[in-house]
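Note: hydrogens, waters and symmetry copies are ignored here, and every other heavy atom, side chains too, is used.
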Amino acid sequence: MIDRNEQPLKPLKRRGAFSPVLIELTIVILFFALSTVVVARLIAAASATSSESAFHARAILAMESVAEETKANPEGDGAFDESGARAFTVQSAPDLAVDAVVTRDDSFESGALYTITLSVVSETGETYTLTAMRYVPRGEAAP
């Protein structure tokens, strides 16, 4: 006779074993943590690139402005040295200074050629340069 109180044998559950759901959740959490780190680094790199690009644009505008002013009056204060060059610095912003060197070439019979070399050094040490030229005939009056 079979006793109704007897139950069929069931396999014993092992204690301390992870269920497949917990393993899957752990993998998903690790994946999202890794994705978050990658996205945070991308955002930081994009921010640095953006601020460097903004400085680059400001530097170009400042150099173009100084170039136009210098081309309008290449003699400036007239303080050329014996080699025909004069150097000066224009502070466009607290973090932006334009260094300028104007050289005069008087070897032409009918005038002088002025070469204007401008440079800006960024906080990262990168140097931006711009060169402009102007020919001034001998008879032209200064503005």
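Counting only distance, with no hydrogens or angles, the side chain of S53 and the backbone of T49 share no donor-acceptor pair below 3.5 Å. Between the side chain of S65 and the backbone N or O of L61, no donor-acceptor pair lies under 3.5 Å. Using modelled atom types, no side-chain atom of R134 and backbone atom of N73 make a donor-acceptor pair closer than 3.5 Å. Y128 places no side-chain N or O within donor-acceptor distance of the main-chain N or O of I60, the cut-off being under 3.5 Å.
Open room surrounds CD on E24; 12 or fewer heavy atoms of other groups in view lie less than 6.0 Å from it.
Partners of E69 by salt bridge (charged side-chain N to carboxylate O under 4.0 Å, His left out), not counting sequence neighbours: none found. For E75, the salt bridge (charged side-chain N to carboxylate O under 4.0 Å, His left out) test picks out R104, with sequence neighbours left out.
The aromatic rings of Y114 and F80 sit tilted relative to each other, their planes meeting at an angle between 30° and 60°.
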I'd like to know whether L96 forms a side chain to side chain contact (heavy atoms under 4.5 Å, CB included) with V120, so could you lay out the CA-CA distance, the side-chain angles of the two residues, the decisive distance to 0.1 Å, and finally the verdict. CA-CA 7 Å; L96 191 116; V120 172; 4.3 Å; yes
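Atoms CG and OG, on L30 and S35 in that order, are 10.5 Å from each other to the nearest 0.5 Å. Residue T117 holds its OG1 atom at 8.0 Å from CE of M133, rounded to the nearest 0.5 Å. Atom-to-atom distance recorded for E64:CD and L118:CG is 10.0 Å, nearest 0.5 angstrom. With values rounded to the nearest 0.5 angstrom, E52 atom CD is found 9.0 Å from H56 atom NE2. Here CG of L22 is found 11.5 Å from CD1 of I27. Values are rounded to the nearest 0.5 Å.
Sorted by first and then second residue, the salt bridge (Lys or Arg N to Asp or Glu O under 4.0 Å) pairs with a member in residues 92-103 read R58-D95; sequence neighbours excluded.
Residues A97 and Q91 come closest through the heavy atom pair CB-OE1, 3.4 Å.
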